[in-house]
Amino acid sequence: MEQDREKKSLDFIRTIIEEDIKNGKHGGRVATRFPPEPNGYLHIGHAKSICLNFGAAREYGGTCNLRFDDTNPTKEDTEYVQSIIKDVRWLGFEWDDRLYYTSDYFGQLYEYAIKLIENGKAYVDSLTTEEIREYRGTLSEPGRESPYRDRSPEENLELFRGMKEGKFGEGEHVLRAKVDMTSGNLNMRDPVMYRILKQHHHRTGDEWSIYPMYDFAHGQSDSIEEITHSLCTLEFEDHRPLYDWFINALEIYPPRQIEFAKLKLSYTLLSKRKLMQLVSEGHVTGWDDPRMPTISALRRRGYTPGSIRNFCDTIGVTKQDSTIDASLLEHSVRDDLNKTASRVMAVLNPLKVVITNYPDDTTEEMDAINNPEDESMGTRKVPFSKELYIERDDFMEDPPKKFFRLAPGREVRLRYAYFITCTEVIKDDEGNVTELRCTYDPETKGGNSPDGRKVKATLHWVSARHSLSAEVRLYDRLFTEAEPESDKEGRPFTDFLNPDSLTVLSNTKLEPSLREAKPGVNYQFERLGYFYTDPEDSAQGKPVFNRTVTLRDTWAKVRQK
RNA sequence: UGGGCCGUCGUCUAAUGGUAGGACCCUGGCCUUUGACGCCAGUAGUGGAGGUUCGAGCCCUCCCGGCCCAGCCA
C-alpha cells in the first residue's frame, strides 16, 4: 500500500528552491539570509521570515546568514542589535560565524558606486530634497531629468569623493543612479544611492559622512554573500527591477529575489513605527510588555519557541495579503504547553470554604498528577485541611440550569481530594457571599466514591493555611478591534486600546509548591490557563505570574448565551 | 487615472486541466478527577461574465474588488 507515503505540499518558495536544486542551479547550493534593520525589536511578523529563511536553509542543507541592514545611522542602535541576536537564537536558529552587517560592506559599496559613476550610470545631483520630489513626477505623470544629470564622470567623481570626505553639508548633494525618469515604476526614476549624513554610526563610528540607501545596499549585500534566494516581503516587488539593474550594471553575482506576503495578525499591530509609539507614549511598559506582539514580549508572556515555530509552519507562505486570526497563535501555544507544562492548583479569586466535619488541626497530603499528558512528569503532594479556598466563579447561590459547579445543597469533587456538599452560605451585611460551609465525605478520599456516585464538577482548591499569595497578571488582547489600524472613520489605533488588556491580581491563593517556582517556567493553573513566572519581576520565594493564555472555556460560552 | 502584485469555507491554506482537502474558529455528540486535552460528526468556499476543452479553482479575454509605490526610511 502507498497509504503511508505522505504527500507533502510545498509552499511556492520551497517549490522554487527544490526546482533550482534539481536543475543544479548554484550547484545545488542554498543560501538565504535574515536581514533586519536594527531600529526596533523583532515581532511575530519577523518570526515568519526567520522561520522561512532559517527553516528553508536547514531543510535543504544550506546556510542562512544573519545580516543587519544598518545603512541609516540616525535610527539604528546596538540595543536593537543585541535584542535581535537574542531573539533569533531563542527561536532556535543558529548562524555560526555568519553574522554580518551591511556596514561591513560600506567600502565595497563605495567602490561599486565609483564604478557606476565611471560607467556613466550614476551622477551627483545637487537638487534640494523638495526639488527632487518635484522632478520625480507623480504616479500618473512621468518625471523630469535633473539639470545635473549630465555632469561628466570626472566631475561626478570629484564631487562624490568630496561628499565622502565631508566637504559638503547634509542635503547639499546626493548620488543618483541614471536609470529612467519616465518609468512607470517610481523606483527606477533615478533613485538616490548615497546621501550625506554626518552621523555617528553604531559600528563604523565617524568614519563615513555618506551612507548608502537601502536600495543601493541590499541587493549588493545579498550578492556579496552569494545569497541564492533573497526572500523578502511583497512591498519590495517593485524594487526588484532596480536591484537587478544594479547587479547587471555592476556585473556581479545575481541572487534571485522572491517576495512573499508579510504577516498580519488580528487584534494587534505589526508596524515597528506604531509599536515604537506604544512604547514611547507609555501605553505599554516597554518592548517586552507581555501585551506586545514582539518576540521578547511573547517570550516574557510564556510563549515557547516551539509554539511560535509551529505557528509559522501552520500559516504558510504565499503572496496573498492575509490576516491571521489571533486564535491561531493562541492555539499554537496551548497545543505546546498542554504537553509540557506542569499542572498546579491556583485560586485567583478566592472564596473561603470551611469543611465543618473535618478535624481542626489535621493536614492530609493529597497525591496530584503533574501532567496527565506525560506520566514521566510524576506526582506531587498537595496539602488539604479544614479551611480552603475555591474560585468564586465556581459557586452560584442560584445557579442556572447548565451550571454544574458548587451551589447550595450540591455535591462536587475537589480535585485529588474529597467530595464536598455545600450546606450553608455566609454573607456580609450587603449580601455578598463571604464564606461557604460544606461537609465532606471521608469515603471519597482521592476523589472517587466507593458507592460509585457521580458528581458533575471537579473544582480546584487550595488549603488556606498552606496557601501562597502571589501577584498574578492577567493579560488580554491589546486592542478591542480586530484591525486597529484600519478604522472606517479613520480613527487612530490608540482609540482602540483595550482598557482591560492587563488585570493585576494580588489576593490570590496558590498551592504551596509554587513558593519555589523559578523564574521563566511555564505552568498550567488547572481549569484556568497557562501561566509563566515572570523572568524580570519574580524573586526567590516570591514568584510573579503572567498569564500566557486561558484554557478554552466552554462554560464561558454557555454562560454568555 | 502610471507601474507592480493578489482574489478558494468566517480566518489561513492545499488541489500534474480530472472527486475542491486540511488547520483554526464555530456547532453538535462521545470521553473526562481540568466544562481542559482527546475522539467522532457537522456547517461552510473557487469575486463576476464570457471563451478554450470531453472536462476549468487552474489556461485565455473582459469586468469587479483588494494591496503596494510619489523618503536624502527600510
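Labels below follow one simple rule: chain letters A, B, ... track the order of the sequence lines, proteins then strands, and each chain is numbered from 1. All values below were derived from every heavy atom in this structure, side-chain atoms included, with hydrogens, water molecules and symmetry-related copies excluded.
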_Polar pair under 3.5 Å, donor/acceptor by atom type, side chain A:Gln524, base B:U34_ = yes
*Closest non-hydrogen atom pair, A:Glu172 against A:Gly169*: OE2-N, 2.6 Å
*Indicate, with a heavy-atom threshold strictly under 4.0 Å, whether A:Thr74 touches base, sugar-phosphate, or nothing.*
nothing
*Reckon A:Met188 touches a base, only the sugar-phosphate, or nothing at all at heavy-atom distances under 4.0 Å?*
nothing
*In terms of side-chain geometry, is the basic nitrogen of A:Asp367 or A:Arg380 positioned less than 4.0 Å from the acidic oxygen of its partner?*
no
_What's A:Ser322 touching, base or sugar-phosphate or nothing? Going by heavy atoms closer than 4.0 Å._
sugar-phosphate
*Base, sugar-phosphate, or nothing: which does A:Lys456 touch, judged by heavy atoms less than 4.0 Å apart?*
nothing
*asked:* Assess whether a salt bridge exists between A:Asp374 and A:Lys339, defined as any Lys/Arg side-chain N lying under 4.0 Å from an Asp/Glu carboxylate O.
replied: no
*asked:* Let's see if you can work this out: which of B:C6, B:A74, B:G35 has an atom nearest to the side-chain heavy atoms of A:Gln320?
replied: B:C6
*Provide, to the nearest angstrom, the distance between the OH atom belonging to A:Tyr243 and the P atom belonging to B:G4.*
18 Å
*Does A:Phe419 have A:Arg413 sitting over its ring (NZ/CZ under 6.0 Å from centre, angle to axis within 45°)?*
no
*Base, sugar-phosphate alone, or nothing: which one does A:Val192 contact when heavy atoms must sit under 4.0 Å apart?*
sugar-phosphate
*Between B:A23, B:A70, B:C26, spot the one nearest the side chain of A:Arg552, thanks.*
B:C26
*For A:Leu551, report the nucleic acid contact type (base, sugar-phosphate, nothing); a contact means any heavy atom under 4.0 Å.*
base
*So what does A:Thr128 touch, heavy atoms closer than 4.0 Å: a base, only the sugar-phosphate, or nothing?*
base
